[in-house]
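Positions are given from 1 along the sequence.
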Amino acid sequence: MPRLACPEEPRVTLHLVQRGRARSACFSCAGDRTAYLQALCECAESERCAVHAYALMGNHVHLLFTAARANGAARLMPVIAARYARHLASAYGHAEALWEQPYDATPVHARRHLLATMRYIEENPVRAGLAAHPGAYRWSSYRANALGEEDALITPHAHYYSLGRSPHERRTAYAALFARAGERITPVSRRPSGPLSPRARSRS
């Protein structure tokens, strides 16, 4: 069951964090992350969930999305997990459950809170020492939201649209949020997440 601060009502934006079991690695390589994003894109469309921001870390995932129907996260996360599990089974013969069952989901309402949450999600790779700048990390939504890079997964939130009248104005204003917060980001030297080794698979 999810850990929620409020019921999963329709059209409420949620910041969701799902972690690998025993904090084990969820992704071994670019192919794994690509497979997860493909599953997320297809499942979000079928479950009528608009994704506004994401970051794929080594042993957990951050998502910010709005579901058109009630219980959006409860609908979305199992189908993503099942789709990604098929990839792991095909690629590695991995048959055990990968994700912790209780995901964390927190509602996000206010404009300031939503923009801060987007920034928090897309700064995660920098805080983890995986990149020097959010734009240098391939596996997040920063390049779409701040640089205008094409990303079929991303649906801008109404609060993001309020940043400017044109796409250029919105991207510039959004990137400025990171510039103001930049001095508070301290990259940490950490080992990159390892592959889904047999031992890690056995714990997952």
Side-chain angles (χ1 to χ4, degrees), residues 1-9 12-67 69-89 91-92 94-108 113-114 116-125 127-128 130 137-142 151 153-155 157 190 192-196 200-204:
M1 294 293 293
R3 294 188 290 266
L4 278 170
C6 76
E8 290 186 50
E9 300 175 354
V12 171
T13 301
L14 295 176
H15 174 204
L16 185 146
V17 183
Q18 188 162 41
R19 298 177 175 85
R21 295 181 65 187
R23 300 299 176 96
S24 59
C26 303
F27 309 104
S28 292
C29 60
D32 290 348
R33 289 178 167 85
T34 298
Y36 184 90
L37 290 179
Q38 181 70 25
L40 174 58
C41 187
E42 294 175 0
C43 294
E45 181 177 2
S46 65
E47 296 300 327
R48 297 171 60 193
C49 295
V51 178
H52 314 301
Y54 66 86
L56 307 188
M57 305 301 289
N59 61 8
H60 65 284
V61 171
H62 285 270
L63 302 175
L64 183 72
F65 66 93
T66 304
R69 299 183 291 180
N71 300 314
R75 293 173 180 270
L76 178 64
M77 302 316 291
V79 293
I80 295 175
R83 182 74 64 87
Y84 187 58
R86 289 198 290 271
H87 162 75
L88 295 181
Y92 309 110
H94 180 79
E96 301 299 322
L98 177 66
W99 306 100
E100 286 186 351
Q101 288 302 312
Y103 53 78
D104 292 316
T106 305
V108 182
H113 185 195
L114 184 131
T117 300
M118 292 178 67
R119 191 183 72 209
Y120 172 81
I121 290 171
E122 294 171 358
E123 283 178 349
N124 248 256
R127 285 190 296 272
L130 301 177
Y137 192 68
R138 178 181 173 186
W139 309 107
S140 85
S141 52
Y142 178 86
D151 190 334
L153 179 56
I154 292 299
T155 300
H157 192 278
R190 298 184 182 178
S193 298
L196 292 171
R201 291 195 196 89
S202 68
R203 296 196 309 267
S204 62

May I have the list of side-chain donor-acceptor pairs in residues 69-83 shorter than 3.5 Å, sequence neighbours left out?
residue	atom	partner	partner atom	Å
R69	NH2	E47	OE1	3.0
R75	NE	A70	O	3.2
R83	NH1	E42	OE1	2.2

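Closest of all the heavy-atom pairs between E122 and A53 is OE2-CB, 3.9 Å. For the residue pair L64 and I121, the shortest heavy atom distance occurs at CB-CD1, 3.8 Å. Contact between S24 and N59 at its shortest, heavy atoms only, is O-CB, 3.2 Å. Taking every heavy atom of both residues into account, V51 and A44 meet most closely at CG2-CB, 4.0 Å. Closest heavy-atom contact between L56 and Y137: O-OH, 2.5 Å. Residue A25 comes nearest to L98 through the heavy atom pair O-CD1, 3.7 Å, listed as atom of the first residue, atom of the second, then distance.
Looking only at distances, a side-chain donor or acceptor of Y84 sits under 3.5 Å from a matching main-chain atom of C26. Without hydrogens or angle criteria, T34 side chain to A30 main chain gives a donor-acceptor distance under 3.5 Å.
Looking only at side-chain heavy atoms (C-beta outward), T117 and T106 stay at 4.5 Å or farther from each other. In this structure, the side chains of M57 and L130 come closer than 4.5 Å at one or more pairs of heavy atoms. Between Y142 and P125, the closest side-chain pair of non-hydrogen atoms is not below 4.5 Å. Side-chain contact check for L37 versus Y54: some heavy-atom pair is nearer than 4.5 Å.
For the atom pair OG of S140 and CZ of R33, the computed distance is 11.5 Å after rounding to the nearest 0.5 Å. In this structure, OH in Y103 is found 14.0 Å from CZ in R19, a value given to the nearest 0.5 Å. Between L153 atom CG and S141 atom OG the span is 8.0 Å, to the nearest 0.5 Å. The CG atom of D32 sits 6.0 Å away from the CG atom of L88 when rounded to the nearest 0.5 Å.
Every side chain to side chain contact (heavy atoms under 4.5 Å, CB included) that T66 has, sequence neighbours left out, goes to T13, H52, H157. Under the rule for a ring-ring contact (aromatic ring centres under 6.0 Å, His included), the partners of H60 that lie at least two apart in sequence or sit in another chain are H62.
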